[in-house]
Colleague: 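My structure is below; once you've seen it, I'll send some questions.
In each ligand, atom 1 is the first atom listed, and ligand 1 is the first ligand listed. Keep in mind that this is a model prediction, so the values were computed, not measured.
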Amino acid sequence: MGKTIPVLEIFGPTIQGEGMVIGQKTMFVRTAGCDYSCSWCDSAFTWDGSAKDDIRQLTAEQIWSELKELGHDAFNHVTISGGNPALLKSLVEFIQLLKENEIKVAIETQGSKWQDWLLLIDDLTISPKPPSSGMKTDMEMLDSIIERLMQGERQHHVSLKVVVFDDRDFTYAQEIHNRYPMIPFYVQVGNDDTHTVDDSALIQHLLRKYEWLIDKVVASKDMNSARVLPQLHTLVWGNKRGV
Ligand SMILES: C[S@@+](CC[C@H](N)C(=O)[O-])C[C@H]1O[C@@H](n2cnc3c(N)ncnc32)[C@H](O)[C@@H]1O
Ligand SMILES: Nc1nc2[nH]cc(C(=O)O)c2c(=O)[nH]1
Ligand code: SF4
Ligand SMILES: [Mg+2]
C-alpha cells in the first residue's frame with residue numbers, strides 16, 4: 001500500500017469555477033491542512049479544526065476508485081485543491097496514477113511551498129494572497145517557485161490568480177502581475193459573505209463587485225493583459241459545498 005493523503009472532499013463532475021480553465025468539466029479532490037489562515041477563506045473547514053473528524057487518510061488507488069464511482073467515464077480532468085495540496089509530498093503517486101489513466105491534473109495552491117510534482121501539473125494555479133487576507137507573501141519563495149517552473153518550461157501550464165477585495169488588494173495584484181509578466185494573470189472577485197444561504201442577494205452583490213473589479217482593470221495601464229473573472233460556481237450555486 002502506498003502513502004496516504006488526508007482528504008476532506010471528493011466531488012464532481014462539476015465545472016471549474018475559477019481561473020485559467022474556468023468552465024472545464026472536472027472532478028475535485030480537496031485535501032486537509034493549510035499553512036495559511038486567510039481571513040476570508042471559503043474553505044476554512046480544511047484547516048480550522050471544524051471538520052477534523054471528517055478527514056480520511058486515503059491511498060492514491062482509493063481516491064481514484066472513488067472518482068471513478070462518482071464520475072464513471074464522464075470526466076478526463078481532476079482538480080486538487082485544499083487547504084494547501086502543496087504541503088503533501090505524498091500526492092505524487094496520485095498525480096502519476098491520474099496521468100497513467102490519461103486524466104489531466106489541475107492544482108490550486110498559494111505559492112508558499114514547493115513540491116517537485118508541481119512540474120507534472122497540466123493546469124497549475126498559483127494564488128498569492130493580498131493584504132485583506134491577513135497573510136504576508138514570502139516573495140523569495142514565490143520567486144523561486146516561478147523560477148523553477150520556468151526552468152522546467154512549464155509556462156504554458158501555469159497561471160497566477162489574485163483574489164481582490166479592495167483597492168489595496170488591487171495594488172498588490174498589479175505588483176504580482178508586473179513582477180511575473182510572462183505568466184498568464186487573473187484577478188478574481190472576492191466573496192466576503194461565505195456563509196449566507198440567501199443566494200439571490202449574494203449573487204447580486206457579487207455581480208456588483210465583479211463590475212467594480214472590471215472597472216478597476218479597464219482603468220489600469222498595468223492590467224492590459226490581465227483577465228477578470230468571477231467565481232462562476234458561486235454565481236450558480238451560492239456558498240453550497242461540494243459543487
Ligand atoms: C480555498 S483555496 C485552496 C487552494 C490554496 N490554498 C489557495 O488558496 O490557492 C482555492 C481558491 O479559492 C480562493 N478563495 C478562497 N476564499 C475565497 C473567497 N472568499 N472569495 C474568493 N476566492 C476565494 C483562493 O484564493 C484560491 O484561489
Ligand atoms: N466548481 C468549483 N470550482 C472551484 N475552483 C476552485 C475551487 C476551490 O475551492 O479550490 C472550486 C470549487 O470548490 N468548486
Ligand atoms: S491559502 Fe487557501 S486554503 Fe489556505 S487559508 Fe488561504 S484561501 Fe484558505
Ligand atoms: Mg472554493
Side-chain angles (χ1 to χ4, degrees), residues 6-48 51 71 75 77-88 91 105-113 115 118 121 123-135 137 141-142 145 158-166 169-170 172-173 176 185-196 202-203 205-207 209-210 212-213 227-243:
V7 174
L8 264 172
E9 291 184 319
I10 299 175
F11 63 88
T14 180
I15 52 132
Q16 169 55 272
E18 305 180 16
M20 66 193 291
V21 291
I22 192 165
Q24 166 72 52
K25 178 161 67 164
T26 190
M27 303 294 291
F28 274 88
V29 176
R30 192 180 301 284
T31 60
C34 193
D35 47 323
Y36 279 13
S37 53
C38 300
S39 60
W40 37 251
C41 179
D42 64 8
S43 305
F45 62 92
T46 60
W47 51 266
D48 68 4
F75 71 94
H77 191 274
V78 170
T79 303
I80 307 170
S81 186
N84 185 5
L87 294 174
L88 303 168
L91 270 176
V105 187
I107 290 271
E108 303 272 336
T109 187
Q110 64 264 39
S112 59
K113 301 278 176 194
Q115 293 291 346
L118 288 170
I121 303 305
D123 303 312
L124 172 58
T125 295
I126 300 179
S127 181
K129 295 298 175 266
S132 66
S133 68
M135 300 297 110
T137 305
M141 173 57 76
L142 191 56
I145 290 172
V158 183
S159 72
L160 284 158
K161 176 178 75 182
V162 175
V163 176
V164 174
F165 284 79
D166 56 28
D169 289 356
F170 190 78
Y172 171 92
I176 295 288
F185 187 78
Y186 295 79
V187 282
Q188 171 169 303
V189 175
N191 175 6
D192 48 19
D193 194 354
T194 56
H195 293 291
T196 182
L202 178 65
I203 290 162
H205 174 64
L206 291 175
L207 285 173
K209 292 189 54 158
Y210 186 34
W212 171 81
L213 191 53
R227 294 172 188 180
V228 198
L229 289 177
Q231 269 187 313
L232 197 52
H233 53 103
T234 314
L235 296 181
V236 178
W237 297 293
N239 286 321
K240 193 166 157 201
R241 243 172 86 173
V243 288

Colleague: Just to confirm my output: which protein heavy-atom neighbour is closest to atom 5 (N) of ligand 2, and how far is it?
Modeller: Gln16 OE1, 2.5 Å
Colleague: Check each heavy atom of Ile15 against ligand 2 and say whether those closer than 4.0 Å belong to the side chain, the backbone, both or neither.
Modeller: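 Just the backbone.
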Colleague: Answer yes or no on whether Arg30 is positioned over the face of Phe45, meaning its NZ or CZ is under 6.0 Å from the six-membered ring centre and within 45° of the axis.
Modeller: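 Verdict for Phe45: no cation-pi partner in Arg30.
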Colleague: Tell me whether Trp237 has any N or O atom under 3.5 angstrom from an N or O of ligand 2.
Modeller: no
Colleague: When you compare the side chains of Thr125 and Tyr186, does any donor N or O come within less than 3.5 Å of an acceptor on the partner?
Modeller: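 Note: Thr125 and Tyr186 side chains miss the donor-acceptor criterion.
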Colleague: A side-chain contact here means heavy atoms from C-beta on lying under 4.5 Å apart; do Thr109 and Gln115 qualify?
Modeller: no
Colleague: When Lys209 is tested against each of Asp166, Asp193, Asp192 for salt bridge (Lys or Arg N to Asp or Glu O under 4.0 Å), which residue passes?
Modeller: Asp192
Colleague: At what distance is the nearest protein heavy atom to atom 3 (N) of ligand 2, and which residue and atom is it?
Modeller: Gly17 N, 3.0 Å
Colleague: Is there a donor-acceptor contact under 3.5 Å linking the side chains of Gln231 and Asp42?
Modeller: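 The criterion, which ignores hydrogens and geometry beyond distance, is satisfied for Asp42 and Gln231.
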Colleague: Could you go through ligand 1 and note, for every N or O atom, any protein N or O atom closer than 3.5 angstrom, writing the atom names and distance to 0.1 Å, or 'none'?
Modeller:
| residue | atom | partner | partner atom | Å |
| --- | --- | --- | --- | --- |
| ligand 1 | 6 (N) | Gly83 | O | 2.9 |
| ligand 1 | 6 (N) | Gln110 | OE1 | 3.0 |
| ligand 1 | 8 (O) | Lys129 | NZ | 2.9 |
| ligand 1 | 9 (O) | Thr109 | O | 3.3 |
| ligand 1 | 9 (O) | Lys129 | NZ | 3.4 |
| ligand 1 | 16 (N) | Asp42 | N | 3.0 |
| ligand 1 | 16 (N) | Asp42 | OD1 | 3.4 |
| ligand 1 | 19 (N) | Trp40 | O | 2.8 |
| ligand 1 | 19 (N) | Asn191 | O | 2.9 |
| ligand 1 | 20 (N) | Asn191 | N | 2.8 |
| ligand 1 | 22 (N) | Gln188 | NE2 | 3.1 |
| ligand 1 | 22 (N) | Gln231 | NE2 | 3.4 |
| ligand 1 | 25 (O) | Ser127 | OG | 3.3 |
| ligand 1 | 25 (O) | Lys129 | NZ | 3.1 |
| ligand 1 | 27 (O) | Ser127 | OG | 3.2 |
| ligand 1 | 27 (O) | Lys161 | NZ | 3.3 |

Colleague: Looking at Glu18, which atoms of ligand 2 are within less than 4.0 Å of one of its heavy atoms?
Modeller: 5 (N), 6 (C), 7 (C)
Colleague: Pairs of nitrogen or oxygen atoms closer than 3.5 Å, one from Asp42 and one from ligand 2: do any exist?
Modeller: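 No; every N/O pair is 3.5 Å or more apart.
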Colleague: Counting N and O atoms only, with roles assigned by atom type, does the side chain of Ser39 sit under 3.5 Å from a partner on the main chain of Ser132, one being a donor and the other an acceptor?
Modeller: yes
Colleague: Count the heavy atoms belonging to other residues, nucleotides or ligands that lie under 6.0 Å from NZ of Lys113, then report whether that count exceeds 12.
Modeller: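 No, the 6.0 Å shell around NZ holds no more than 12 heavy atoms from other groups.
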Colleague: Could you measure the distance from the CD atom of Glu18 to the NE2 atom of His233? Nearest 0.5 Å is fine.
Modeller: 3.5 Å
Colleague: Which residue owns the protein heavy atom closest to atom 8 (C) of ligand 2, what's the atom, and how far is it?
Modeller: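 Minimum-distance protein heavy atom for atom 8 (C) of ligand 2 reads Ser81 OG, 3.6 Å.
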Colleague: Classify the contact between Arg30 and ligand 2 as side chain, backbone, both or neither, using a heavy-atom distance cut-off of under 4.0 Å.
Modeller: side chain
Colleague: Does a side chain donor of either Ser112 or Asp35 reach within less than 3.5 Å of an acceptor in the other side chain?
Modeller: yes
Colleague: Taking 4.0 angstrom as the limit and counting only heavy atoms of Val243, give me the atoms of ligand 2 inside it, by number and element.
Modeller: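 Under 4.0 Å from Val243, ligand 2 has these atoms: 1 (N), 2 (C), 12 (C), 13 (O), 14 (N).
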Colleague: Classify the side-chain pair Trp47/Ser37 by whether it contains a donor and acceptor separated by less than 3.5 Å.
Modeller: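 There is no such pair between these side chains.
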